[in-house]
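Basis for what follows: all heavy atoms, side chains included, without hydrogens, waters or symmetry-related copies. Ligands are counted one by one from 1 in listed order, and the atoms in each one are counted from 1 as well.
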Amino acid sequence: MENSKNTSRRSFLTKSAIAAAGISLFKGFHFNTARAEVYSTPVFNGLLPEGGTFTLPALDYAYTALEPYIDARTMEIHHTKHHQTYVTKLNEALDKAPELKEKSLTDLITNINALPESVRQAVRNHGGGHFNHSMFWKLMSPDAANAKASDELAAAITAKWTSFDNFKAEFSKTATGVFGSGWAWLIVDKERNLSITTTPNQDCPVMDIAATRGRPILGIDVWEHAYYLKHQNKRADYIADFLNVIDWNQVSKWYAEK
Ligand code: MN3
């Protein structure tokens with residue numbers, strides 16, 4: 001008697017779950033906004049579509065400004081061609097899913113699994129590309145030599161890697177070892193732990209599909225388009241040059257966000 005009651009209750013619950021799933025499927029997707037907020041930062045919240053269209057953000061410095069470490073030609077092509085293409089293709093994808101058009105970039109890419117399958121891969125590739133590059137331009141600066149990590153960030157890095165130099169060595173080694181195209185990152189998780197991680201292609205640690213999730217505060221693009229004109233096949237040389245243009249003031253600001 002008791003058993004059959006339980007069974008019928010279970011059956012009711014199962015049917016309710018199916019019904020709920022049906023409603024959710026009917027709506028197509030639902031967004032986990034609580035999770036998106038955790039990974040939001042002011043710079044990324046600024047990446048809102050205007051009238052449903054994302055635009056290429058301007059750089060805060062000239063293409064020549066990061067010479068001799070990152071050459072002007074690479075900067076110009078990287079920004080006006082590569083990044084622009086991610087923006088254009090993201091907009092093209094969203095044209096096919098108008099219901100997504102008012103979503104912020106953070107909302108879109110922290111909920112890849114919730115996207116309609118017809119646009120999921122395109123938003124992953126091009127939304128990720130737009131997000132990653134928008135961050136990349138911000139974390140480099142011609143004034144890098146005068147920038148320094150906050151006491152709080154320096155202490156966290158030293159606690160984890162014993163010294164700043166060790167951190168740089170570990171980050172460089174990880175970036176050098178990325179197979180093919182991708183990114184190496186310094187991320188902070190919800191418990192404020194730092195770690196170095198990588199993502200393939202244009203995936204980003206904020207994505208729900210990332211193997212290791214967290215909020216990136218530093219990242220390096222190791223696609224060949226980021227360095228081939230100047231450094232050719234010598235990725236390690238590019239990474240060594242990149243270390244000279246990191247804006248640790250900006251990285252510290254991102255780290256300070258809770
Ligand atoms: Mn790139």
Side-chain angles (χ1 to χ4, degrees), residues 41 43-44 46-47 54-93 105-106 108-109 112 121-142 144 171-172 174-187 196-207 209-210 214-247 250-251 254:
T41 77
V43 65
F44 305 131
L47 296 173
F54 288 100
T55 52
L56 182 70
L59 301 194
D60 299 329
Y61 44 80
Y63 294 128
T64 52
L66 303 180
E67 297 264 13
Y69 305 112
I70 313 282
D71 62 291
R73 186 86 180 117
T74 295
M75 286 298 295
E76 183 174 1
I77 294 173
H78 202 171
H79 182 242
T80 62
K81 305 295 184 200
H82 292 278
H83 189 173
Q84 178 64 63
T85 301
Y86 296 123
V87 173
T88 302
K89 292 197 168 176
L90 173 62
N91 286 328
E92 284 171 9
L105 189 57
T106 307
L108 290 170
I109 70 168
I112 297 289
Q121 192 63 41
V123 172
R124 177 179 178 176
N125 292 345
H126 306 298
H130 182 28
F131 186 100
N132 294 343
H133 287 84
S134 298
M135 179 170 184
F136 189 56
W137 311 131
K138 289 268 181 203
L139 63 83
M140 297 188 289
S141 165
F171 184 79
S172 302
T174 302
T176 306
V178 172
F179 180 73
S181 299
W183 292 72
W185 305 96
L186 173 62
I187 61 170
I196 296 170
T197 183
T198 68
T199 54
N201 304 312
Q202 294 299 348
D203 284 1
C204 179
V206 300
M207 289 179 174
I209 52 168
R215 184 164 60 79
I217 58 172
L218 172 67
I220 179 171
D221 184 345
V222 293
W223 285 56
E224 283 188 344
H225 68 227
Y227 61 90
Y228 204 85
L229 290 179
K230 176 176 165 65
H231 300 89
Q232 291 81 49
N233 59 318
K234 298 182 284 290
R235 185 192 282 180
D237 290 358
Y238 156 66
I239 294 165
D241 277 346
F242 169 78
L243 293 177
N244 292 301
V245 295
I246 298 173
D247 183 351
Q250 179 60 69
V251 177
W254 286 332

Chemist: Is a salt bridge present between D247 and K138, judged by a nitrogen-to-oxygen distance below 4.0 Å?
Modeler: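 Salt bridge between D247 and K138, a charged N being under 4.0 Å from a carboxylate O: no.
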Chemist: What number of protein N, O or S atoms occur at distances under 2.8 Å from the Mn ion (ligand 1)?
Modeler: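 Considering protein N, O and S only, the Mn ion (ligand 1) has 4 within range.
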Chemist: According to ring pair (Phe, Tyr, Trp, His ring centres under 6.0 Å), who are the partners of H231, at least two apart in sequence or on a separate chain?
Modeler: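 Scan of H231 (ring pair (Phe, Tyr, Trp, His ring centres under 6.0 Å), adjacent residues dropped) gives Y238.
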Chemist: Only counting residues at least two apart or in another chain, list the ones meeting side-chain hydrogen bond (donor to acceptor under 3.5 Å, both in side chains) with E92.
Modeler: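 Once residues adjacent in sequence are excluded, E92 has no partner under the side-chain hydrogen bond (donor to acceptor under 3.5 Å, both in side chains) criterion.
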Chemist: Name each donor-acceptor pair under 3.5 Å that joins a side chain in residues 66-73 to protein atoms two or more places apart or in another chain, with its distance.
Modeler:
unit_1: E67; atom_1: OE2; unit_2: A72; atom_2: N; d: 2.9
unit_1: D71; atom_1: OD1; unit_2: T74; atom_2: OG1; d: 2.7
unit_1: D71; atom_1: OD2; unit_2: T74; atom_2: N; d: 3.0
unit_1: D71; atom_1: OD2; unit_2: T74; atom_2: OG1; d: 2.9

Chemist: For I239 and T176, run side-chain contact (heavy atoms from CB on, under 4.5 Å): C-alpha distance rounded to whole Å, both residues' side-chain angles, the deciding distance at 0.1 Å, then the answer.
Modeler: CA-CA 8 Å; I239 294 165; T176 306; 3.4 Å; yes
Chemist: I want to check something: taking the side chain as every heavy atom from C-beta on, are L56 and Y86 in contact at a cut-off of under 4.5 Å?
Modeler: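 Side-chain contact under 4.5 Å: no.
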